[in-house]
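What follows is one structure encoded as structure tokens, with my remarks underneath.
Computed from heavy atoms alone, side chains included, the values below leave out hydrogens, waters and symmetry copies.
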Amino acid sequence: MKKISGLAMLILLSVSAATVHAAASDAAPRASDWPLIGGNAEVWHHSSSTQINASNIEKLGVAWVAEMPSRDGLVGNPIVVDGVVYQSGPLGRAYANDVRTGKLLWMFAPEIDFGDKQRLISVWSLRYSRGLSVLEDNVYVAAGDCRLFAVDRKTGKQKWEAVSCDIGQDYGITAAPRVGGGKVFIGNVCVDTGANRGFVDAFDANTGKRLWRFYTMPGDPTQPFESKTMEMAAKTWGTDYWKKTRGCVSAWDSLTYDDKLNLLYIGTGSAAPLSPPERAADAGDELFVDSIIAVNASTGEYVWHYQTVQHDGWDLAAVSPVSIAELPIKGKQRRVVMTAPKNGFFYVLDAETGKFLSASNYTDVNWASHIDSTTGRPVTIADARYWERPGQASVVSPAVGGAHTWQAMAFNPATRLAYIPVSVTPTLMKLDPEAVVGGVSVDMYYGSKGDPKWTARGELVAWDPMTQKARWRVMRELPYNSGVLSTSGNLVFQGTAVGKFDAFAADTGKQLWSFDTHASMLAAPTSVEVDGQQLVLVATGNSGSSAAATNLARYTSTPQTRAPSRLIAFKLGGTGSIPATVVQEFPKPPLPRQPVELAKKGAEYFEAEWCVGCHGHGAENVRSSIPDLRLSSPQTHQQFEAIVRGGLRRNNGMPAFPHLSAEHLQAIQAHVINEAWNAYEAQEAAKAHSKSR
Ligand code: HEC
């Protein structure tokens, strides 16, 4: 990223009156660039442009639309440098489009080998990518098979490739790499298998040489620890922890590089296996589960940590974005980090020391009553601790789905409010030793099953970090909506699962504008000024490059918003339009309905064997590159065993499940057939209904 000297800044201001920079950071990017995920190093997702505002927003319309060569709806925050928009896609892909016209300039698509080396986790990860980064002349993008690529940002040609994790050890990557200080940082994911330790790697941005690795949990205690920090952390995992679990604690999304303090803030996931009884009986806090860890960005040495949840059995990962700000707190100007993790509490911590300053819940929370202000630890509620009552289920909110995960939160330096995209997904949790992943059965759709006490929904919350109170809150129809963009035009933009791209007044929450994109959105919008014109850019589509969308189709989209991948630019006076989505037709299933009991068992196996991870709960698909099993042909049904157990489609990314018995297969197939009938009959009923009206 180029820094602008004071003089250059003055010239820039005098030639373009509309170019007003917030003086918050002397490294503020040019208004024509959005060089980093979140726009600036502080990860504000805020544009200093004021051109679009309440007085003219009704004139905001489509400047151009780019149809993107991805079947998986792009979900990363678009990066803009020197007139080019960069985005990542599935299978390690990167795209470059002209910001003036939307024209695709190049696409980077590395060769992917789905052969024998791949494991379930890496094959799964290969479908997902939450973004890329740009530093100087290179684009950095990761593929799910643990590879990190540097690509020339002018030509799209590969410069180097590095391997971070080991796919043979059940790792994958779904996150965007982060850049800063001449380095590229990348974490990984283990999907709660507990097969291995999580870590973050730093690579030299020019050469791809690995510079350091920070583990997020201790290793084998019979071997020497890498550092005093790991020795300290090992004391918190209990007797024989290494025999029971390698804990994982993946750094699967959030990395923030603080260019003032030269710290990398790492957000970590929950412990694996998810079920606490499957971990050491005398376990303590299990460091560094659900934590924000600050490490020295030059060396990877530990500086401080703050843990949000101890002894987690709810999957309350702290991988949500970490933003940095200078705020007056208790009469003192402080540099703070702010984060709104899955657990539903908003945290303000001292950036230099990690000292707990304050926390309060930003949405309804039933697993903890509050955060103790002296210890900084949550006070948990017995009813939520399902693992203490085998055989009984608890409804927990938030839980696995999180009150907020990786979708961008924005911060506006003028209103000093954080804008959080909140998901309310009450979840039924119960110990289940049969579950393949984690030892817990989890029903994330519980909130849409008619229990009047628990209803799934989304929220957009304007949160005051200083008073720890909501300034305003608007409800959203479905739980998972897009990341947020804030602008100095006193605006907040958010896209929704139902396809609306909305703008609100940043100070009051009054809705000012809404546009139907006919496509679901998870990506955070970007705003830049090009030739003196403010553009708002947003990626839309079926969101199939996000694991949450694939898994929970009903909470992230509707049949009307499972659209092809597009990049859309908005400007004042834009007159373009977006075609309505052609809704998926379900033909009459080729096989008769199956016995209900068999299909019910099949639904459980479909969950436990993790078919849901790619094909979606209830085999409901977002129309991504992964096939909708409810559309399976007679031939697919004939080959069901060969495909699922035998690995017939392995080279196309359908893993083999050789351990499945004939009884398992029959039940799973019955579930798929009945779901096909459900989809078909619902469609026919809707047709009859619309005719009769
Ligand atoms: C890691 C992701 C992933 C997982 C997990 C997964 N699948 Fe698949 N599946 C795929 C992909 C990708 C394809 C498409 C392969 C192709 O293009 O030939 C597919 C194809 C299929 C097909 C053929 C569909 C057709 O119309 O041709 C069936 C049947 C199937 N999967 C069943 C299952 C079952 C049952 C499970 C769980 C036991 C499962 N899959 C788990 C990714 C996955």
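- Judged by distance alone, the side chain of W304 and the main-chain N or O of A351 form a donor-acceptor pair under 3.5 Å.
- Taking the six-membered ring where the residue is Trp, F214 and Y302 present parallel rings, their angle staying beneath 30° rather than reaching 60°.
- The aromatic rings of H46 and W44 stand perpendicular to each other, their planes meeting at an angle above 60°, with 30° marking the opposite boundary.
- The two atoms that bring P341 and T308 nearest to each other are CG-CG2, 4.3 Å, heavy atoms only.
- In summary, the aromatic rings of F346 and Y362 are positioned with their centroids too far apart to meet the 6.0 Å limit.
- The side-chain heavy atoms of T415 and R471, taken from C-beta on, include no pair separated by under 4.5 Å.
- Checking side-chain atoms of K469 against main-chain N and O of W463 turns up no donor-acceptor pair under 3.5 Å.
- Checked against a 6.0 Å centroid threshold, the rings of Y265 and Y306 do not count as neighbours.
- Under a 3.5 Å cut-off, the side chain of S291 and the backbone N or O of V289 do form a donor-acceptor pair.
- Put simply, the side chain of S88 gets close to the backbone of G131: a donor and an acceptor are under 3.5 Å apart.
- No side-chain heavy atom of T216 sits less than 4.5 Å from a side-chain heavy atom of S250.
- To the nearest 0.5 Å, atoms CE (M230) and CZ (F225) are separated by 9.5 Å.
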Verdict with supporting geometry, V484 and L460, side-chain contact (heavy atoms from CB on, under 4.5 Å) = CA-CA 9 Å; V484 183; L460 174 60; 3.8 Å; yes

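- Between D201 and R210 there is a side-chain heavy-atom pair separated by less than 4.5 Å.
- Counting only distance, with no hydrogens or angles, the side chain of D312 and the backbone of D315 share a donor-acceptor pair below 3.5 Å.
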Apply salt bridge (charged side-chain N to carboxylate O under 4.0 Å, His left out) to the pair R197 and E226, showing each step before the final yes or no.
-> CA-CA 13 Å; R197 305 162 76 189; E226 291 91 355; 2.9 Å; yes

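- Taking a cutoff of 4.0 Å between a charged side-chain nitrogen and a carboxylate oxygen, E286 and R279 qualify as a salt bridge.
- By the 4.5 Å heavy-atom criterion applied to side chains, W367 and V309 are counted as neighbours.
- Under a 3.5 Å cut-off, the side chain of T487 and the backbone N or O of G489 do form a donor-acceptor pair.
- Between the side chain of S423 and the main chain of P479, a donor-acceptor pair closer than 3.5 Å is present.
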Should K235 and D285 be marked as a salt bridge (charged side-chain N to carboxylate O under 4.0 Å, His left out) after you check the CA-CA gap, both sets of side-chain angles, and the distance that decides it?
-> CA-CA 9 Å; K235 297 197 177 101; D285 290 353; over 6 Å; no

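- The environment of CD in E352 is sparse: at most 12 heavy-atom neighbours from other residues, nucleotides or ligands sit within 6.0 Å.
- Between T425 and S397, the closest side-chain pair of non-hydrogen atoms is not below 4.5 Å.
- Salt bridge annotation for K183-D204: absent, with no cationic side-chain nitrogen under 4.0 angstrom from a carboxylate oxygen.
- Considering only heavy atoms from C-beta on, T256 stays 4.5 Å or farther from L264 through its side chain.
- Remark: aromatic rings of W314 and W387 are close, center separation under 6.0 Å.
- A salt bridge is defined here as a Lys NZ or Arg NE, NH1 or NH2 lying under 4.0 Å from an Asp or Glu carboxylate O, and R335 with D350 fails to meet this definition.
- Here D33 contributes atom CG and N40 contributes atom CG; the two are 13.0 Å apart, rounded to the nearest 0.5 Å.
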Worked check of side-chain contact (heavy atoms from CB on, under 4.5 Å) between W212 and V295 = CA-CA 11 Å; W212 54 254; V295 302; 3.9 Å; yes

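- N196 and Q169 share a donor-acceptor pair across their side chains, judged by distance under 3.5 Å alone.
- Between V134 and Y140 the shortest side-chain heavy-atom distance does not fall below 4.5 Å.
- Between T339 and I292 the shortest side-chain heavy-atom distance falls below 4.5 Å.
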Applying side-chain contact (heavy atoms from CB on, under 4.5 Å), run through R246 and Y241 and close with a yes or a no.
-> CA-CA 8 Å; R246 276 117 170 96; Y241 73 86; over 6 Å; no

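- For the pair K243 and D220, the salt-bridge criterion is not met [side-chain N within less than 4.0 Å of a carboxylate O].
- A donor-acceptor contact shorter than 3.5 Å links the side chain of T526 to the backbone of P78.
- Here the side chain of N77 pairs a donor or acceptor atom with the backbone of G38 at under 3.5 angstrom.
- Between the side chains of E42 and S323, no donor-acceptor pair of N or O atoms lies under 3.5 Å.
- Looking at T496 and D502, their side chains never bring a donor and an acceptor atom within 3.5 Å of each other.
- Judged by distance alone, with hydrogens and angles left aside, the side-chain atoms of T236 form a donor-acceptor pair with the main-chain N or O of A233 at under 3.5 Å.
- In this structure, a donor-acceptor pair under 3.5 Å is absent between the side chains of Q307 and R377.
- A cation-pi arrangement is present between R213 and F199, with the terminal nitrogen or guanidinium carbon under 6.0 Å from the aromatic centre and inside a 45° cone about the axis.
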Before giving the answer on side-chain contact (heavy atoms from CB on, under 4.5 Å), spell out for V200 and I186 the whole-Å C-alpha distance, their side-chain angles and the decisive distance to 0.1 Å.
-> CA-CA 6 Å; V200 172; I186 187 80; over 6 Å; no

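- In this structure, R130 pairs ionically with D253, as a charged nitrogen and a carboxylate oxygen lie closer than 4.0 Å.
- Separating the NZ atom in K332 from the CG atom in L357 is a distance of 9.0 Å, to the nearest 0.5 Å.
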